[in-house]
Every structure is written in C-alpha cells, then in structure tokens.
Amino acid sequence: MIPELEKDKSNRKSLWSSTFSRLKAALVKTNKAVVSETSPENSKETTALDSAAVIDEEYLQELEDKLIRADLGLPTVNLVMDHLSKSSRSKTWTEYDVRSFLKNELSKMLAPANSHRLNIRDGVLNIILVVGVNGTGKTTSIGKLCHRLRGNGKKILIAAGDTFRAAAESQLEIWAQRAACDLVRLKDGSDPGAVVFQAIEKAYSENYDVLVIDTAGRLHNKANLMAELRKIQGVIDKNAGTANLEILLVLDASTGQNGIQQARVFSETCLLTGVILTKLDGTAKGGVIFSIANELKLPVKLVGLGEKIDDLQDFEPELFMEALFA
Ligand SMILES: Nc1nc2c(ncn2[C@@H]2O[C@H](COP(=O)(O)OP(=O)(O)O)[C@@H](O)[C@H]2O)c(=O)[nH]1
Ligand SMILES: [Mg+2]
C-alpha cells in the first residue's frame, strides 16, 4: 500500500469516527426517548424495547407513547405503528426484531441521500437564502456554514438582510469576522430588498462563489414578515441571473412539532429547498427529523450540534440512524 493513500484512508477514518461520536453525543437524549426511557410511574429504568418483550397491545401502546414523546408527530407515529403491528402479527418478536424493524422503517423515511447534500456548484454564483423564526439559529448557522465553505476555498459574501434589530446585524458582523468573510450591511432599518440587491451586484462584480443571505424572523408579525420575504425573493429572481439558489429553513429541534407548523407557514411563501435542523444537542425531540421527512418531504441538509463555529455537520441519514440507535 502506498503510504500517502494509507494516511489518507486513516485520516478519513478518524474524521468519520469523530463526526460519529459527536453526533452520538448530541443525540443522547433523543436516543433515550426513542429507544429507552425512565418510566415516571415506577421510576425504574424501563425500556420500550425490553429483551424478552411480548408484542401485545400494552407493549405497542407503550412504544407508541414513547415515539410521540420523542416528537415524531402523530401521522408519522401512526404510520410506523401500523406497519409494526402488521409485520409482527402472529410472530414471536424479540427486542432485537422490533429494534431492527424500527430502525429500518425510520431509515426508509429519510429521503434519498443525495438530495441531502447542500447544492454548491462550481463556476456559477451560489445564493443561499436563510429563513426561519427568530431564535432558531439562522445567524449562528450562517457563521458556521461560511466558516466551512471558506475552508473549502470558496470566496464568500454575507448579506445582512435582518435590518430590523441592530443587535442582529452586529452579531452577524462578529460571525463574518470569525469566518473571515465579507459582509454587505446597510444602516439599521434599511430595506432588506436593497441589501440583497447590493449584495448580488457585489457578488457578481467581484466574483464571489457564494452569497449567503440572513433574514429577519418576526413571526408574530407574520403578514409583514412574509411580505418582506416575498420581496427578497423578487429581488433575487430579478437579479440573480444564472445563480444556483438554495432556500434553507432553519428549525430549532428543541421546539419539536412546532417546527413543523413553522415550516408550513414559510413554505407558503418560499420555495424551500431544504432544512437546517439546529440544537440537536441537548434535546429529546430529535424525532422531529422524521416528521420533516415524512410530512414535509423536505431534505434536512445540515444539523447544528452546538454553539461553536465547527458545530455544524452535513446531515448523513445513515450516520444519523447509527448514532440514534447506538
Ligand atoms: N446548543 C445550540 N445552540 C445553538 C445552535 N444554533 C444556534 N444556537 C443558539 O441559539 C441562539 C439563537 O441563535 P441565532 O443565530 O441568534 O438565531 P436567529 O435569531 O435565528 O438568527 C443563540 O444563543 C445560539 O448560540 C445549536 O446547534 N446548538
Ligand atoms: Mg439572526
């Protein structure tokens, strides 16, 4: 074996194992919610998937409750439970069988792997519009994402499209500095459409590879917010030329099924191409990822596992399932 190749292989292996172990650590609570959980009634550690379990009504009910608590959402839980009771009928299934069934069923739910890749093309301008409710992690995710793309040698411009909160723009400025990317920012209260227009002009005239646009997310002012997003989309449609467009919705995993409602609202206005699911660390509601796939049919492209600059990973369904069921 050529030493260089061997080294490359071992580098990839160690990268894979560190990615996996960080994902596994982040999913500890969701793992507990889906695979096992402390029962409140007798406060002893019970598991939905006990080894010598008999698959009876009571058992199925307990499993169903657990999946609901893990925030898979009713339609998704009903689908899984329906398949499970059909498949296990008149068979003697063990914990292992149910676990494999569940893992297989949930894996199938996550859309084909290639649509999970962030779509970045060479030789054209890539525009990534980032939308979502305030506090979900838009600005933080943009900082992390730009840092990563910079690491891949891309020339990146960020547009401060959340002009409503002065603090929001300063926060974005700090992230732009950390990620060593350029920023287009107009004075507070400016029209976000104007920011986006200037940013697209600059991106073309100075040959940027990627333009990432931050936006406001004041959902309590829904009509205004949607009008603003529509306007931003209009500016992009009119001026982006041959640019490759991604519109990513940021959802906070810890809000569970609320995120599904948010996605419905945003998809009425924006042609979403994917989801960034943040704050998977420290939540037991990571099961929401299956609702996103099953009910919204949207690919999760990136996952947030913490607040630091390198706490953003590509979403890889297989790795995710392994970590969830570990
Ligand atoms: N634990 C954790 N915190 C996150 C993650 N992503 C964002 N946050 C935090 O969530 C809060 C809101 O993030 P921000 O980017 O300001 O949200 P925005 O209002 O949508 O722009 C901040 O305190 C972030 O540090 C994540 O993946 N994990
Ligand atoms: Mg923000």
Side-chain angles (χ1 to χ4, degrees), residues 19 22-30 71 118 128-148 158-179 181 183-186 188-190 192 195-196 199 212-222 224-226 228-229 232 247-256 258-259 261-263 265-266 269-270 272 274-286 288-289 292 300-316 320 323-324:
T19 306
R22 286 177 54 201
L23 190 59
K24 192 173 135 196
L27 289 174
V28 156
K29 287 195 180 160
T30 300
D71 248 311
L118 189 67
I128 305 177
L129 177 63
V130 180
V131 302
V133 172
N134 276 347
T136 52
K138 292 182 295 299
T139 305
T140 309
S141 299
I142 288 171
K144 297 170 182 173
L145 176 61
C146 290
H147 169 70
R148 269 191 33 182
I158 304 175
D162 183 356
T163 58
F164 189 73
R165 299 182 297 176
E169 288 176 75
S170 320
Q171 185 201 4
L172 188 65
E173 197 155 26
I174 293 167
W175 274 110
Q177 276 164 13
R178 276 188 205 152
C181 296
L183 179 74
V184 170
R185 170 182 181 180
L186 301 182
D188 298 341
S190 299
V195 177
V196 172
V212 186
I213 303 168
D214 195 10
T215 60
R218 307 177 301 281
L219 198 59
H220 59 275
N221 204 339
K222 189 177 142 190
N224 285 355
L225 175 62
M226 294 306 151
E228 188 171 302
L229 290 177
I232 290 176
I247 305 181
L248 301 179
L249 173 69
V250 178
L251 294 179
D252 173 344
S254 70
T255 65
N258 266 339
Q261 291 313 317
Q262 292 170 14
V265 171
F266 277 88
T269 305
C270 305
L272 302 173
V275 169
I276 303 180
L277 188 61
T278 60
K279 310 188 197 182
L280 267 176
D281 54 306
T283 181
K285 298 187 172 182
V288 71
I289 204 158
I292 296 172
V300 172
K301 298 209 165 182
L302 297 159
V303 289
L305 305 179
E307 297 185 88
K308 294 194 298 298
I309 199 159
D310 52 4
D311 288 335
L312 186 76
Q313 292 187 355
D314 284 327
F315 175 63
E316 298 193 31
F320 183 89
L324 181 63

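Both counts, for ligands and for their atoms, begin at 1 and track the order of listing. We use all heavy atoms of the structure for the numbers below, so side chains are in, but hydrogens, waters and symmetry mates are not. Just so you know, these numbers come straight off a predicted model, no measurement behind them. Positions are given from 1, in the same order as the sequence printed here.
- At a 3.5 angstrom cut-off on N or O pairs, K279 counts as close to ligand 1.
- Under the 4.0 angstrom criterion for non-hydrogen atoms, G306 is in contact with ligand 1.
- Residue contacts with ligand 1 for L305 involve N, CA, C or O but no side-chain atom from C-beta outward (heavy atoms, distance under 4.0 Å).
- For the pair K279 (side chain) and G304 (backbone), a donor-acceptor distance under 3.5 Å is absent.
- Looking only at protein heavy atoms, the nearest one to atom 17 (O) of ligand 1 is G137 N, 3.0 Å.
- Close approach of ligand 1 to G304 is summarised as follows: ligand atoms under 4.0 Å from at least one heavy atom of the residue are 27 (O).
- For atom 12 (C) of ligand 1, the nearest protein heavy atom (residue, atom name, distance) is G135 O, 3.6 Å.
- No donor-acceptor pair closer than 3.5 Å links the side chain of T139 to the backbone N or O of L172.
- Residue D314 forms a salt bridge (charged side-chain N to carboxylate O under 4.0 Å, His left out) with just one option from K144, K301, R148, and that option is R148.
- The atoms of ligand 1 that sit less than 4.0 Å from any heavy atom of N134 are 19 (O).
- The backbone N or O of L251 sits nowhere less than 3.5 Å from a side-chain atom of Q262 that would complete a donor-acceptor pair.
- In summary, the atoms of ligand 1 found under 4.0 Å from a heavy atom of T139, numbered by their order in the structure, are 15 (O), 21 (O).
- T215 places a side-chain N or O within 3.5 Å of a backbone atom of V130 that can act as its donor or acceptor partner.
- Panel note: side chain T140, backbone G137; no donor-acceptor pair is recorded below 3.5 Å.
- In this structure, the protein non-hydrogen atom closest to atom 15 (O) of ligand 1 is T140 OG1, 2.5 Å.
- Residue, atom and distance of the protein heavy atom nearest to atom 6 (N) of ligand 1 are K144 NZ, 3.9 Å.
- Distance from atom 16 (O) of ligand 1 to its nearest protein heavy atom, with residue and atom name: Q171 NE2, 2.9 Å.
- The pair R22-D311 counts as a salt bridge, with a side-chain nitrogen and a carboxylate oxygen less than 4.0 angstrom apart.
- Residue contacts to the Mg ion (ligand 2): T139 brings an N, O or S atom closer than 2.8 Å.
- Minimum heavy-atom separation, L312 to S141: CD2-O, 4.0 Å.
- Contact annotation: for D281 versus ligand 1, heavy atoms closer than 4.0 Å belong to the side chain alone.
- Contact annotation: for D311 versus ligand 1, there are no heavy atoms closer than 4.0 Å.
- Note that CG of L129 and NZ of K138 are 11.0 Å apart. Values are rounded to the nearest 0.5 Å.
- Neither the backbone nor the side chain of Q313 comes within 4.0 Å of ligand 1, counting heavy atoms alone.
- For ligand 1 and E307, the ligand atoms under 4.0 Å from any heavy atom of the residue are 1 (N), 2 (C), 3 (N), 4 (C), 9 (C), 23 (O), 24 (C), 25 (O).
- Among the candidates L248, I232, L229, the single residue satisfying the side-chain contact (heavy atoms from CB on, under 4.5 Å) test with V131 is L229.
- At least one heavy atom of V133 sits under 4.0 Å from some atom of ligand 1.
- Side-chain contact between F266 and V250 is absent, with no heavy atoms from C-beta onward closer than 4.5 Å.
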